[in-house]
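Step one of this worksheet: look at the structure below.
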Amino acid sequence: MNETIVTKFGGSSLASSEQFQKVKNIIMSNKNRRYVVPSAPGRRNSKDYKITDLLYLCNAHVNSGIAFDDVFKLIEDRYKGIVVDLGLDFDISTPLNKVKEDIANGASSDYAASRGEYLNGLILAEYLGFEFIDAAEVIVFDEGGNFNHELTKKAISTRLKDTKCAVIPGFYGADTNGEIVTFSRGGSDVTGSLVASGVDAKLYENWTDVSGFLMADPRIVNNPKTIKEITYKELRELSYMGASVLHEEAIFPVKEANIPIRIKNTNRPEDEGTLIVSDVHDLSTLGTITGIAGKKNFSVIAIEKALMNSELGFCRKILSILEMYGVSFENMPSGIDTVSLVIEDSQLKGKGEKIVEEIKKQCNPDFIEIHPHMAVIATVGKGMASAPGIAAKLFNALSKEDINIKMIDQGSSEMNILVGINTDDFEKAVNLIYNAFNN
Ligand code: ADP
Ligand code: ASP
Ligand code: MG
């Protein structure tokens, strides 16, 4: 039986030589931890920089014709410091100089950003005594920059078949011309998931700076409970709605192969963390929620028209207007005579009034209004399905404190209730919902 564990370590887990030591202890304590996916060094404290951000900055400086030596020096110092503090006899200067030269010569922003993981991977492989495998060899994008899952899976399983232990940097791959392409931010989680799927691992461990997936963002709710077990579906809803612990696209490769993910804390390896699986059999979840997440910066366009439901093509007209303006929407809850469009502000950018005018012209609604400055909160849980009283508890908790709910939507899976509220009420509302289900 394949006992292989793929481990991914996030930026804060590899931000300094002390963190590298913790990572080595974790890997060496279990011989099945054979394949390691590192992120670039993250912040050591709240005032620190992420190496990835500095690399993007270097690239932006070059594009604007500004010298980037001072910024690059911060990058150099960080990597050199780690090598010296770990007592490694390893030449990191040569790859660093090459990266600097490539950036100066106008390398792409994806290339620049990817070097954070690349350089960290070189150091980690040396420190662990593992083989270094460049992600450009095994993570495959096509010419248009689209990720190719099939080719990647094949490349990983072929390349790792006879490799006992290896470090494969996260976040990037290469297209068929050899050009570096990155995933979106936080994408090392995706690489870890792809490696786990490529080697058909028994487990994908995602090591970070919190002891698992918490019921709510710990920056909003004080000391939220850890979720012991969660399904891929619930996790995807929560990640999509802003619970940034795990990149939302990291779910698909392991879900398909039925490989569980465990979220663990590098600073507290003894904590159990969270297990993400395809199904949770724990009956005690019935009638309870699993977690809460949310995002700010939305607008809602609320539309009313008597007998809307019997007017053929009403919603189609609205959607074609959005399409005409190149705007995609997040949700579209509807009632008998009402429909709301929930749209991210970044999508709407200056087009809101024009869209409203066009809807008035084409659809002749009784009432139409834009509510700007909204936040959307998702309350998620597979135990919510067909359990009466959950929605009432949620709305009561908010209305008791005079929080005005401007939009409600329950996903068809009955696993997710979305509420739209004023952005200023966001933190308070998340706390109220959390407390309603935890007291
Ligand atoms: P890494 O660098 O290890 O990939 P991230 O910063 O991407 O780590 O993700 C971990 C962070 O996610 C935590 O430090 C925490 O602030 C934040 N976070 C947001 N929502 C949640 C949640 N529901 N549970 C745990 N952490 C959360
Ligand atoms: N280093 C990249 C980022 O900061 C990728 C990652 O950390 O997963 O987004
Ligand atoms: Mg992350």
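Heavy-atom basis, side chains included; hydrogens, waters and symmetry copies ignored. As the structure lists them, so they are numbered: ligands from 1, and atoms in each ligand from 1. Keep in mind the model is a prediction, meaning the values are calculated, not measured.
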message: Quick test of your reading of the model: are K264 and E205 salt-bridged, counting only N-O distances below 4.0 Å?
response: no
Please tabulate, for side-chain N and O atoms in residues 397-405, each donor-acceptor pair with protein atoms closer than 3.5 Å (sequence neighbours left out).
{"residue": "S399", "atom": "OG", "partner": "F395", "partner atom": "O", "Å": "3.1"}
{"residue": "S399", "atom": "OG", "partner": "N396", "partner atom": "O", "Å": "3.3"}

If the plane angle is over 60° it's perpendicular, under 30° parallel, otherwise tilted; pick one for W207 and F9. parallel
Q: State, without any angle test, whether T290 and E234 hold a side-chain donor-acceptor pair at a distance under 3.5 Å.
A: yes
Point to revise | Test: R185 and D53 ion pair at under 4.0 Å | key: yes
Margin query: Using a 3.5 Å distance criterion without hydrogens, assess whether the side chain of Y204 forms a donor-acceptor pair with backbone atoms of D189.
Written below: yes
Check: For Y111, is the NZ or CZ atom of R115 found under 6.0 angstrom from the centre of its six-membered ring and inside 45 degrees of the ring axis?
Finding: yes
Just list the N/O pairs, ligand 1 to protein, that are under 3.5 Å apart, with the distance for each.
{"residue": "ligand 1", "atom": "2 (O)", "partner": "G11", "partner atom": "N", "Å": "3.2"}
{"residue": "ligand 1", "atom": "3 (O)", "partner": "T208", "partner atom": "OG1", "Å": "2.7"}
{"residue": "ligand 1", "atom": "4 (O)", "partner": "K8", "partner atom": "NZ", "Å": "3.2"}
{"residue": "ligand 1", "atom": "8 (O)", "partner": "T208", "partner atom": "OG1", "Å": "3.1"}
{"residue": "ligand 1", "atom": "14 (O)", "partner": "D209", "partner atom": "OD1", "Å": "2.8"}
{"residue": "ligand 1", "atom": "14 (O)", "partner": "D209", "partner atom": "OD2", "Å": "3.3"}
{"residue": "ligand 1", "atom": "16 (O)", "partner": "R219", "partner atom": "NE", "Å": "3.4"}
{"residue": "ligand 1", "atom": "23 (N)", "partner": "L214", "partner atom": "O", "Å": "2.9"}
{"residue": "ligand 1", "atom": "24 (N)", "partner": "L214", "partner atom": "N", "Å": "2.9"}

* Asked: Without hydrogens or angle criteria, can the side chains of D91 and T94 be said to hold a donor-acceptor pair below 3.5 Å?
  -> yes
In a table with atom names and distances, give each donor-acceptor pair under 3.5 Å that connects a side chain of residues 119-126 to protein atoms at least two apart or in another chain.
{"residue": "N120", "atom": "ND2", "partner": "S39", "partner atom": "O", "Å": "2.8"}

Per-pair distances, ligand 2 N/O vs protein N/O, less than 3.5 Å:
{"residue": "ligand 2", "atom": "1 (N)", "partner": "T52", "partner atom": "OG1", "Å": "2.7"}
{"residue": "ligand 2", "atom": "1 (N)", "partner": "E117", "partner atom": "OE2", "Å": "2.7"}
{"residue": "ligand 2", "atom": "4 (O)", "partner": "T52", "partner atom": "OG1", "Å": "3.4"}
{"residue": "ligand 2", "atom": "4 (O)", "partner": "R185", "partner atom": "NH2", "Å": "2.9"}
{"residue": "ligand 2", "atom": "7 (O)", "partner": "S39", "partner atom": "OG", "Å": "3.4"}
{"residue": "ligand 2", "atom": "8 (O)", "partner": "G186", "partner atom": "O", "Å": "3.4"}
{"residue": "ligand 2", "atom": "8 (O)", "partner": "G187", "partner atom": "N", "Å": "3.4"}
{"residue": "ligand 2", "atom": "8 (O)", "partner": "S188", "partner atom": "N", "Å": "3.0"}
{"residue": "ligand 2", "atom": "8 (O)", "partner": "S188", "partner atom": "OG", "Å": "3.1"}
{"residue": "ligand 2", "atom": "9 (O)", "partner": "R185", "partner atom": "NE", "Å": "2.7"}
{"residue": "ligand 2", "atom": "9 (O)", "partner": "G186", "partner atom": "N", "Å": "2.8"}

